[in-house]
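Atoms considered below: every heavy atom in the structure, side chains included; atoms not considered: hydrogens, waters and symmetry mates.
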Amino acid sequence: MEKYISYEKMSKKQQKLVNASKRGSWGNVKPITKIKESAKVYNRKKQNSQGYGYSFGGFAFLHL
């Protein structure tokens, strides 16, 4: 049987193990607060994701 050692007298490593064992899991829940973006705000990534822009791809130089 192990001796009882108070939390304050434990080493930092042992305290860390005790704290980790007491913590639970969030499971599939993501604790990040999400805010819906306003439709009025300009978003460069949204514009480029549609395929429009200055990128011609590789086919422009292959046609002779």
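- Partners of T33 by side chain to side chain contact (heavy atoms under 4.5 Å, CB included), not counting sequence neighbours: none found.
- The side-chain hydrogen bond (donor to acceptor under 3.5 Å, both in side chains) analysis of residues 7-31, with sequence neighbours excluded, yields the pairs Y7-N19.
- In terms of heavy atoms, M10 sits closest to I5 at CE-O, 3.6 Å.
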